[in-house]
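Contents: one structure, followed by commentary.
In listed order, ligands and their atoms are each counted from 1. Being a predicted model, the structure only gives us computed values, none of them experimental.
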Amino acid sequence: MPKSDVSLSVIKRLPRYYRFLGEIKKAGVQRISSGELSKRMGFTASQIRQDLNCLGGFGQQGYGYNVEQLYGEIGKILGVDKKAKTILIGAGNLGRAVASHMSFEERGFNLIGIFDRNEALAGQLVRNLPIRHIDGLYDFCRDNNPTVAVLCIPSESAQEITDELVKLGVKGFWNFSHYDIASHHPEVAVENVHLSDSLMTLSYHINNIKKSK
Ligand code: NAI
């Protein structure tokens with residue numbers, strides 16, 4: 001069993017372990033040492049041993065890690081076997097791309113509704129789900145009890161929608177809007193996604209490669 005005080009930095013690395021283990025499992029690899037994991041993932045072997053010890057220590061001296069077991073255990077810790085009922089708000093360019101291309105089901109989520117305030121979009125299908133008008137949000141949530149919302153709306157729209165969704169029982173937000181949900185609703189879980197942060201990190205790395213040459 002994982003220790004209850006697993007640090008946020010370990011949690012943040014788990015999806016990468018999970019993804020990598022999934023790939024090698026598919027390729028037929030049955031066991032792997034921390035040294036090999038380290039070479040292929042770019043973490044140090046001691047970092048890997050520390051991380052996996054935190055989760056309950058799945059390795060065996062001289063054997064390494066059983067890939068299938070470790071993959072399964074990390075999946076359980078991440079909750080990918082759950083199917084959290086999820087809705088997406090904002091079916092514009094970003095919302096449609098996220099709805100169409102994310103494998104929600106493989107990550108522990110079940111996308112059950114897509115909403116937008118633009119009446120012209122109502123009824124259009126995205127991922128086989130009809131876009132619903134936002135006026136139907138209350139009734140839909142009351143009938144279906146979603147616990148997660150993906151926000152793909154501008155920040156100026158996000159406050160009102162977030163307040164309503166929290167009242168309706170939403171406990172987790174995958175937040176692409178630039179609205180700071182966490183400071184207004186510390187009681188819910190929020191994962192902010194800012195593609196521009198990733199781009200700026202790339203910019204930093206590029207500029208540092210140039211400087212070191
Ligand atoms: P878009 O204009 O194509 O789509 C926004 C959609 O949200 C529209 O269909 C609009 O009708 C809908 N909407 C606005 N307020 C609403 C409300 N109260 N209820 C329901 N629907 C509502 O814009 P796009 O490109 O899809 O971007 C959406 C937002 O995401 C933008 O504000 C942008 O700043 C942000 N964004 C964030 C990124 C990130 O990495 N976090 C990347 C790209 C965009």
Side-chain angles (χ1 to χ4, degrees), residues 8-9 11-16 18-20 78-80 83-208:
L8 188 61
S9 49
I11 304 284
K12 287 220 173 252
R13 283 193 287 275
L14 289 186
R16 205 163 143 208
Y18 186 74
R19 197 157 25 91
F20 177 74
L78 288 171
V80 296
K83 294 284 170 267
K85 286 188 194 168
T86 301
I87 54 175
L88 183 142
I89 317 288
N93 293 310
L94 180 66
R96 283 159 187 263
V98 169
S100 306
H101 299 297
M102 279 308 303
S103 343
F104 286 99
E105 291 75 13
E106 288 168 28
R107 311 276 181 261
F109 300 88
N110 181 17
L111 186 65
I112 58 168
I114 299 176
F115 293 84
D116 200 287
R117 71 176 176 193
N118 181 351
E119 283 174 4
L121 299 179
Q124 288 185 19
L125 289 184
V126 178
R127 204 197 178 102
N128 279 330
L129 290 170
I131 299 173
R132 295 165 189 271
H133 191 266
I134 196 71
D135 285 352
L137 184 66
Y138 178 87
D139 286 349
F140 184 91
C141 291
R142 197 196 46 204
D143 295 345
N144 296 284
N145 302 310
T147 54
V148 176
V150 183
L151 293 193
C152 297
I153 49 179
S155 55
E156 55 273 20
S157 297
Q159 173 158 17
E160 196 186 332
I161 291 284
T162 306
D163 291 348
E164 185 173 357
L165 289 171
V166 171
K167 273 193 221 140
L168 286 166
V170 168
K171 307 258 178 289
F173 288 84
W174 200 27
N175 180 28
F176 288 82
S177 84
H178 299 297
Y179 174 62
D180 182 3
I181 299 175
S183 69
H184 293 88
H185 291 285
E187 73 278 25
V188 300
V190 182
E191 189 60 28
N192 295 309
V193 185
H194 296 304
L195 296 177
S196 52
D197 290 4
S198 175
L199 199 56
M200 284 189 286
T201 308
L202 176 64
S203 164
Y204 169 83
H205 288 308
I206 291 169
N207 288 311
N208 279 278

Atoms of ligand 1 less than 4.0 Å from [X] heavy atoms?
X	answer
L195	39 (C), 40 (O)
I161	18 (N), 19 (N)
I153	7 (O), 13 (N), 14 (C), 15 (N), 16 (C), 21 (N), 22 (C), 29 (C), 32 (O)
H194	40 (O), 41 (N)
V193	39 (C), 40 (O), 41 (N)
G90	7 (O)
I89	20 (C)

Looking only at protein heavy atoms, identify the closest one to [atom] and say how far it is in Å.
atom	result
atom 18 (N) of ligand 1	S157 CB, 3.5 Å
atom 4 (O) of ligand 1	G92 CA, 3.2 Å
atom 20 (C) of ligand 1	R117 N, 3.3 Å
atom 5 (C) of ligand 1	C152 O, 4.0 Å
atom 30 (O) of ligand 1	L94 CD2, 3.5 Å
atom 25 (O) of ligand 1	N93 CB, 3.8 Å
atom 9 (O) of ligand 1	D116 OD2, 2.7 Å

For K12, is there an ion pair with E191 - N to carboxylate O distance below 4.0 angstrom?
yes

Side chain or backbone, does I134 bring an N or O within less than 3.5 Å of an N or O on ligand 1?
no

Ligand 1-proximal atoms of S177, by part, heavy-atom distance under 4.0 Å:
neither

Rounded to the nearest 0.5 angstrom, the CG-NE2 distance for N175 and H194 is 6.5 Å

Closer than 4.0 Å and a protein heavy atom, does any atom meet both conditions relative to atom 33 (C) of ligand 1?
no

